[in-house]
Amino acid sequence: MPELPEAETIARSLAPLVEGRRVLNAEFPGRRVLRGSVPELAGRVIRAVERHGKRILLTLDEGALLVSLGMTGALLVDTGPGAYTRAVLTLEGRLLLFDDIRQFGNIRYLAEGDDSLGPDPLEISAAKFLARLRERRTRIKPLLLNQAFLRGIGNIYADEALHRAGIHPQRAAASLSKLRAERLHTAIVDLLREAIAHRGSSVSDYVDAKGERGGFQLLHRVYRKQGQPCPACGTPIRRIVLAQRGTHFCPQCQR
DNA sequence: CTTAATGTTCCCCA
DNA sequence: TTGGGGAACATTAA
């Protein structure tokens, strides 16, 4: 469900609804939702809601909650708890729910900052991006999915960015020319900004904190478009499996 | 019944 | 040491 544009949309929709509010009670009906130990949350105040890669960071007056949305996680405000509600935070005047059908998502408490992720793709410079590519020996698509390399890109935007940049997903990352690497950097930035402007991609069940769907799925060029003509050249889009993920590309434009 | 799905982690092996 | 491959996690939809 969530990659960077979706997480950004969730954070923006959620922030004005919960920032500054005190937690009155916290319950976790989902047995497997909590990771690590979580201290008493009642009495804490939510100071800020921000995107952290493809995750959502709820900064409290002491510590923070890091919400990983997994494939099907959603943060919803003032809806009734349902069969897939895994966490319930009762706030002053609002109810914040974490719903997650497949339960790949989780919530962990951070006492301090989290430095386990790579740079944000919207903030890294082209020069630094190039330098980081050059020190890796893996193929470009799995590298883009690696959150320690860049935070926030997932399967949809990896495929879409590589198509825009004209790069084959199995291409060795370090073998990209300077020009190609810069083209990829530009493609990533443009793509993510456009997707955010369209409030993310609702391919299956992604919704923001108000339950609203995104619209960027209508502008996808290759993701899950196998057999359909490439919008650039008309060649049928191909689907392969790479790193256990469906991978969609144009065999003509991406070499 | 089979396959695939916006994700991550862990284990084994080269 | 790095990273690739595969399995696992849990659930729904086509």
Side-chain angles (χ1 to χ4, degrees), chain A residues 1-11 29-36 51-56 66-75 82-87 98-108 114 116-118 121 132-162 169-175 188 191-192 194-196 198-208 212-227 237-248:
Chain A
M1 147 192 189
E3 298 181 36
L4 186 151
E6 292 74 40
E8 180 70 25
T9 305
I10 290 168
R31 272 284 159 259
R32 46 192 351 276
V33 67
L34 285 182
R35 292 294 157 82
R51 175 180 67 75
H52 189 68
K54 59 177 73 165
R55 299 163 189 170
I56 305 295
L66 182 63
V67 181
S68 297
L69 297 153
M71 292 282 241
T72 56
L75 283 167
Y84 306 117
T85 299
R86 314 298 182 187
F98 178 61
D99 280 19
D100 185 15
I101 294 173
R102 286 174 70 180
Q103 302 187 80
F104 287 178
N106 60 73
I107 299 173
R108 73 175 64 228
D114 172 22
S116 68
L117 301 180
R132 287 176 69 80
L133 277 183
R134 288 285 161 76
E135 61 193 23
R136 297 302 189 121
R137 281 181 298 153
T138 186
R139 293 170 295 178
I140 186 62
K141 170 152 180 189
L143 184 59
L144 290 179
L145 295 180
N146 181 347
Q147 302 301 296
F149 175 69
L150 277 186
R151 59 176 72 182
I153 296 175
N155 209 33
I156 295 176
Y157 298 104
D159 282 2
E160 292 293 323
L162 288 172
Q170 307 208 64
R171 183 67 187 274
S175 77
I188 289 170
L191 170 69
L192 296 177
E194 287 172 35
I196 289 169
H198 289 270
R199 307 175 49 78
S201 301
S202 287
V203 169
S204 60
D205 50 11
Y206 154 70
V207 290
D208 72 9
E212 293 175 5
R213 290 168 58 82
F216 194 68
Q217 67 279 2
L218 300 175
L219 298 172
H220 291 173
R221 300 177 187 176
V222 293
Y223 179 74
R224 296 190 82 173
K225 304 277 187 195
Q226 59 267 37
I237 299 302
R238 185 173 297 167
R239 178 185 183 278
I240 60 174
V241 175
L242 235 191
Q244 294 184 289
R245 311 300 301 274
T247 295
H248 316 78

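Lettering of chains follows the sequences in order, A, B, ..., and the numbering in each one begins at 1.
For A/Arg151 and B/dT8, the CZ to C1' distance is 16 Å, given to the nearest whole Å. Between A/Gln170 atom CD and C/dG3 atom P the separation is 17 Å, expressed in whole Å. With rounding to whole Å, A/Gln217 atom CD is found 17 Å from B/dA5 atom P. One atom, NZ of A/Lys141, and another, C1' of B/dG7, lie 12 Å apart when rounded to the nearest Å. As a whole-Å value, the separation of A/Leu144 CG from C/dG4 P is 13 Å. Summarising the geometry, the separation between NZ on A/Lys54 and C1' on B/dT9 is reported as 13 Å, rounded to the nearest angstrom. Across the protein-nucleic acid pair, A/Ile156 atom CD1 and B/dA4 atom C1' stand 14 Å apart, rounded to whole Å. Note: CG (A/Asn155) to C1' (B/dT8) measures 13 Å, nearest angstrom.
Here C/dG4 is the nucleotide among C/dT12, B/dG7, C/dG4 with the atom lying nearest to any side-chain atom of A/Thr138. Of the candidate nucleotides C/dG3, C/dG4, C/dC9, C/dC9 has the atom nearest to the side chain of A/Arg32. Here B/dT8 is the nucleotide among C/dC9, B/dT8, B/dA4 with the atom lying nearest to any side-chain atom of A/Gln147. Nearest nucleotide to the A/Arg86 side chain, out of C/dT11, B/dA5, B/dG7: C/dT11.
B/dA5 and C/dG4 are spaced 22 Å apart, taking the C1' atom of each and rounding to whole Å. Nucleotides B/dT3 and C/dG6, compared at atom P, are 15 Å apart to the nearest Å.
If you check every strand for non-hydrogen atoms under 4.0 Å, A/Arg55 touches sugar and phosphate atoms only. Within 4.0 Å (heavy atoms only), A/Tyr157 reaches no atom of the nucleic acid at all. Among the heavy atoms of the strands, none lies under 4.0 Å from A/Arg35.
Remark: the backbone N or O of A/Asp100 is paired with a side-chain donor or acceptor of A/Arg86 at under 3.5 angstrom. Listed for the A/Asp205 side chain is no donor-acceptor partner under 3.5 Å among the backbone atoms of A/Thr72. Remark: the backbone N or O of A/Phe104 is not paired with any side-chain donor or acceptor of A/Arg32 at under 3.5 angstrom. Between the A/Glu6 side chain and the A/Glu3 main chain, a donor and an acceptor come within less than 3.5 Å of each other.
Each of A/Gln244 and A/Ser202 was assigned the nucleotide of DNA chain B with the nearest heavy atom; the assignment lying further toward the 5' end belongs to A/Ser202.
Contacts between residues 100-107 of chain A and DNA chain B, defined by a heavy-atom separation under 4.0 Å, are made by A/Arg102, A/Phe104.
A side-chain contact (heavy atoms from CB on, under 4.5 Å) with A/Pro5 is found for exactly one of A/Tyr206, A/Phe216, A/Tyr157, namely A/Tyr157.
Across all non-hydrogen atoms, the minimal contact from A/Lys141 to A/Asp159 is NZ-OD1, 2.7 Å. In this structure, A/Gly70 and A/Pro2 approach most closely via the heavy-atom pair O-CD, 2.8 Å.
Within the 4.5 Å cutoff, the side chain of A/Glu212 has no heavy atoms near those of the A/Val207 side chain. Using a 4.5 Å heavy-atom threshold, the side chains of A/Leu69 and A/Ile10 count as touching.
Atom CZ of A/Arg136 has more than 12 neighbouring heavy atoms from other residues, nucleotides or ligands inside a 6.0 Å radius.
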> Just the dot-bracket of DNA chain B, please: which string comes out with Watson-Crick or G-U pairs under 3.5 Å, [ ] for crossing, | for another strand?
Replying inline: .||||.||||||||
